[in-house]
Structures are given as C-alpha cells and as structure tokens.
2 protein chains.
Amino acid sequence: MNVTQDPHQRHEVKVDLMAVVAAVIDNCPRALTIKQGKALPSGPFELGHRSLQAGLRDWVEQQTGHRLGYIEQLYTFADRDRMADEPERAISISYLGLTRDERKDGQAPRDWRSWYDYFPWEDHRKGPPAILADFILPRLKVWAEGPGEEAGEERYHRIAVAFGLDGRPWNEELVLQRYELLYEAGLVDEALRGRKGSHTPPVPGRSMIADHRRILATGIARLRTKIKYRPVVFELMPPVFTLLQLQRAVEALSGRLVHKQNFRRLIEQQELVEETGETTSETRGRPAKLFRFRPVVLMERTAAGTKLPVIRA
Amino acid sequence: MNVTQDPHQRHEVKVDLMAVVAAVIDNCPRALTIKQGKALPSGPFELGHRSLQAGLRDWVEQQTGHRLGYIEQLYTFADRDRMADEPERAISISYLGLTRDERKDGQAPRDWRSWYDYFPWEDHRKGPPAILADFILPRLKVWAEGPGEEAGEERYHRIAVAFGLDGRPWNEELVLQRYELLYEAGLVDEALRGRKGSHTPPVPGRSMIADHRRILATGIARLRTKIKYRPVVFELMPPVFTLLQLQRAVEALSGRLVHKQNFRRLIEQQELVEETGETTSETRGRPAKLFRFRPVVLMERTAAGTKLPVIRA
DNA sequence: CCAATTATGCTCCGATTGAGCATATCATAT
DNA sequence: ATATGATATGCTCAATCGGAGCATAATTGG
C-alpha cells in the first residue's frame, strides 16, 4: 500500500480475527491458547474465508485442532500498538466461543489454560485472593496518589469501584476495568514493554503477546455477565450432568461461590433442566440425579433469561 | 487491489463506520438520519482518522452537524450485500451513540426520525399495535407453513417467541429477532430488492438503504437491554428534569408503559437522582420537583446497575 | 455399625415488586 | 370563589423472590 499521506485518502486495512474460546475443565475455567499460553488463536481475514465467523473458525481449528460451536462477537478495535506511528493499520475483530473439551484419544492435546493463571486476582471462590491485599491494592494506592494528570480522588474512586473497597461489593463482572487499571498503573507486564528504565516488577499473573490478555479479560467479563441472564452455560456442559457439576461450572466462571440449595431451587423453578431418570455415584456421598437441558430451552435460548444466584457480600 | 485469487492471500479491506445516534425528543425515541431518513450517518475509515471512534465522530458531525457524546460499539459485520460475489469486501463497524438534541437557534435542523417510523410494531405504549394482529402475524403464519427447508414447527416457534404468542410475554428487547424474521419471511422492503417477480407488498414501516435498518434494530435492541441494568438514560436527559419526564423517556425507549408510583420508588431508592430544590409548572397539574442525576452515579456508571421496571404482561 | 460425605427437601425472614388507594397542589373553566 | 381536571406524591397490601440455615436421605470407607 503506497498511499500518499493525504488525510482524506480512503485506505484499506488488514483485518485480524481472534478468539477467546472458553471451557470448564476440572472445575476450572479455561481458555484455548497457542504459543505456550502466550497468545489466543488468531489469524488474518483472508480472501478464501466465506465470512468473518468462518474465517475465525478456520484459524482456531487450524491452530488448535478444536472445532468451534457457539460463538459471538466480542469487540472490534484498532490495534493500539500500531496506532501511534504507522499509517498502515490493522483491525482486530474478536469473538467469544463456548465449548467443551471433546478431545478424542489420539488427538493432540489442546493448550487449555486457566483464566486465573492470567488473572489470579479474579478467583474469589476461596475468598478474596491474598495477592489483592498484599500486592495489588497497596501498589494501586501508590499509583493513585502518585504523579499524573488525574491522580488522587478520581483514581482512587475508580480503584474503589473496580475492586470493591470501602464497603462496596466485589463485582465479578468488572474484569476488564480491573485489568485496565492495572495496565494504566503500570503494574502488568504488557504496560512495561518498550518502556526504558527500571520498573517495579509486575503484579502476579501470566502475560500474553500484544493485547491478547486484554481481549481475554473482555471475554471473561462478557461471559460472567451473560451467564446471569442467558442460559449459555449449556454450551459448556456435557449433555448430561448433576446439579452440583452445573453449580461448580457456574462458580468456576464467576469466581464466586453459590448457595447450594438456592442454586438448585433456582435452576428447577426456571425449568431449565429435566431429570434423565439416571443417577450417578461417581462421588462419594449419596448418588446424584442426572439432568439434561430441556430441549425447549435450547431453542428459546436467544430469548430466555436465566438468573443465576451469586452470593453477595 | 489486484490480488490473485489465491485463497490464502491475505488481503486488505475497506472499513465503514456507521452510527445509530439516539435521542428522545417530544416523548419519542429518535435516530439521527441522513438522506431523508433513508440512511444512518456513515462513512469510510480514512487515513486521517486518529481512531475508529474519532472517525465515526467526524463523519456524524460532518453529515449531520451533531457532535456526539457517549458512544459504544454495536457490531461489526461484513456487508452481506457484497459478500456473495465480489472479492473486494467491506466491513462495517457500527456504534450506538446517546445524546440530546442540543441544537442552538440558527443551526440547521437535524433529521431526527422516530424509531417507530421504521418499526411501527415496536411501540406498545398504547397496547399492541393493530398492524401486528392485522398484517404481520397472519403473514408470518403463512410463511411459517409455506415452503422452505425449515418451515413448520420450527418457524412457528421462532415467531411465537419473538412476538410473544401463545401466552408468552412480549419481550421488548427482541427487536432484532423480529426484524430478521420479517426479513426472512420476505415481508420487508429490504428483503425484496433485486428479487424478480411480484411479491406481496411489504409490511408497514419505512425502509432504509443497504442494511441500515437492521443496524438500527440492533441499536434499539441494545439500548432497550442496557437501560435496564446500566444508568444510560442520563445521556439522553437534559441536566434537570422531572421524574415524569424521566419516566416518559424510559417508556419511549422501551415502547412500554411503566407504573408511575413504582417507577418513582425505584428511582429514589436507587439513589440515582437528587432534588435540585426547584419545581416546574410547565405542565398543567401540581408542579413537579426537579431532579438531576447524582454526580457519583455519573462517575460509577460503568459499574452501577439500574433496574428499570417495565410492566410485564 | 459408625463417620464422613454428598444430595435433597423444607422453613423462615427480610427485601423487592406489582398494583392500587388516597391526598396534595396546581391551572382553568364556570 | 368554586368546581373540575390534571398531575404529583405518599402510603398500603399482598405476592414473590432471594439469602441463609436446619434437617433428613443415601451413599462409601473403615
């Protein structure tokens, strides 16, 4: 593209497709990665691709061997790394995919990584992680008071909202806001790249190339939000499951615990599932009834609402 | 672009930006249009644009004279009209903008069109519109039973869910699903273009160029959803207003009526607003107190939730 | 048989929500 | 000035929902 720099020149742009593919494996919410967990499956939109979605599916399958089921669009953004100087830009269109790990024997294992390897502060199933009080919050407070245009009150307020300080509740949906605060505060590896000088070491949590981790945060936030009003857990569950398994999946995704009896009450009164008639005794105690999702719900899923109870304070 | 048709050739793509700009004027939800209401503000992403959002703002301002405030991304899609044959594709990135009509005297008037000019079946403030029972549903039922791969049960079910048949409640959020059903059924002008032969005339409601009306439907659906859990009405209200004005705005957007006393209770208990101390007697009856949104809420808007009560069945 | 473990049923209570009655305060017509 | 119509605003009541916990049932492993 040798285009003169006329500002009104229409120009063409490279398009990248990228996927956050989520599954729950071993009671752990995971994302499908490549490059030893350093990147999300992604690739350029090519002439041979019938559509954006088709292109994405091709890339994911080619890079990971995994065939996608349900996907939805996440976000489109102009890659901020390149924004500054180069006139030649790229646009990334990201998707969220929900699946199960249906690897058959003999196939290569996929690289499923726990969300919480990348965002250890997001798993509150065993209470607020210690890194929050020990590392993250103290450093954020330093940053809030430190130099900068909008330091002080304003910054502290954003932190307090995002991390649930001063009596505010922890809101598990604010994954992206929390990551972006850490980024702005220079507390994640991605924010330090290309900057000279010595920095305080980043906060715990694996990083990824470019802004893949930010996209991952966007996907997690979307799923945590959506799970509360749309029956999307379906896509993540095996065809038949116990209510406890379902509960564990929800807990894994939201990073919070749920009141068992109330969870069952809710699920049952919403008529999302039906008994198969079978029971399982894979666990130690009393055998659990097996359930499947009701076919009607699968059909009405676009419309139907699901309320999932997440324990508050 | 003279690219050989190698399917794995990476290629570059034109990017269009498009906006659904919403405001409530005269208790009527409106969108900013151009070309006598036939199109949404839109234009190509150009080299001179600092970012996608900046490009969008430029185009809207240039085409309508309106300066955008709050915007959020709606959806990105490969234009389906061009998908079929031409290898040279375009991608449209659409945004939802929320504003008020702040036209000063002397400025050219903007072309604000009522949503319900385009989607007359979406306004249920005076009960279900007659066109539904008189035109739309009968024709949809004919289509459901007519020829086609997935005719019959399946189609009927989709219609029933989207339009609230057989005891199902009307769900005001399903704007897009309803439009798409009408499109599939060949009942809107856009679906008939380029098809030969005589057709049954389309259902009432203005059409737009390309798929602009579909984007508009997407925007309306998004706003109707979002208004229920995020305090976004703010962006649409003047700095000071009465509770009834606020209620009318919500009703206009959702297309449904709201229980007055409960609406007030909800708004007040959520501490979204505060009294200014003033009252107004612009209306006939008892003067109403004036309110403004609480500054805290404006700051926490990303996080805070708003529950707006929409009357059920 | 006992202890540990998991499943499942049921109760209680406070908060939320839908619906409606009653009263207050204004403008306008008579 | 008085009645009427209109809007604003306060309050009640019942139904439902949602959070929390107790109690019981059905297993497995000593």
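Lettering of chains follows the sequences in order, A, B, ..., and the numbering in each one begins at 1.
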Taking atom CZ of Phe135(B) as the centre, does the number of heavy atoms from other residues, nucleotides or ligands within less than 6.0 Å exceed 12?
no
From the candidates dG18(D), dT17(C), dA7(C), the one with an atom nearest any side-chain atom of Arg264(A) is dA7(C)
Can Glu275(A) and Lys289(A) be counted as an ion pair, charged N to O under 4.0 angstrom?
yes
Distance below 4.0 Å between Lys260(B) side-chain N/O and dT9(D) OP1 or OP2:
no
Could you please name the option among dA8(D), dG18(C), dT8(C) that lies closest to any side-chain atom of Ala288(A)?
dT8(C)
In short, Thr99(A) meets Gly69(A) closest at the heavy-atom pair CG2-N, 3.7 Å
What is the distance, rounded to the nearest whole Å, between atom CZ of Arg286(A) and atom C1' of dA7(C)?
5 Å
Do Arg230(A) and Glu173(B) meet the salt-bridge criterion of a basic N to acidic O distance under 4.0 Å?
yes
Identify which nucleotide among dT17(C), dT9(D), dT6(C) has an atom closest to any side-chain atom of Leu266(B), counting heavy atoms from C-beta outward.
dT17(C)
For dA8(D), take OP1 and OP2 only and decide whether either is under 4.0 Å from a side-chain N or O of Lys289(B).
no
Think Gln261(A) has a side-chain N or O under 4.0 angstrom from the OP1 or OP2 of dA23(D)?
no
CG of Leu246(A) versus P of dA7(C): gap in Å, rounded?
12 Å
Residue His259(B), side-chain atoms from C-beta onward, closest of dT9(D), dC22(D), dA19(C)
dA19(C)
Rounded interatomic separation in angstrom, taking CG from Leu244(A) and P from dT8(C)
9 Å
Within this structure, what is the CG-to-P distance between Asn262(A) and dT16(D), rounded to whole angstrom?
18 Å
Write down the atom of Ala22(B), the atom of Trp115(B), and the distance for their closest heavy-atom approach.
CB-CZ2, 4.1 Å
Please give, in whole Å, the distance from dG19(D) C1' to Arg256(A) CZ?
13 Å
Check DNA chain C for consecutive Watson-Crick or G-U pairs with both distances under 3.5 Å and list the runs of at least three as stems.
C:1-30 with D:1-30
Given DNA chain C, 5'-ward residue of the pair Arg284(A) and Arg265(B), judged by closest heavy atom
Arg284(A)
Please report, rounded to the nearest Å, how far the P atom of dT25(C) is from the CD atom of Glu278(B).
18 Å
Ring centres under 6.0 angstrom apart (Phe241(A), Phe234(A))
no
With a 4.0 Å cut-off on heavy atoms, is Leu243(B) in touch with a base, just the backbone sugar-phosphate, or nothing at all?
nothing
Test log, rule side chain to side chain contact (heavy atoms under 4.5 Å, CB included), inputs His124(B) and Trp170(B):
CA-CA 9 Å; His124(B) 286 230; Trp170(B) 172 261; 3.1 Å; yes
Let me know the distance between CD of Gln270(A) and C1' of dC17(D), rounded to the nearest Å.
11 Å
Just the rounded figure in Å: distance from P of dT8(C) to CD of Gln247(A).
12 Å
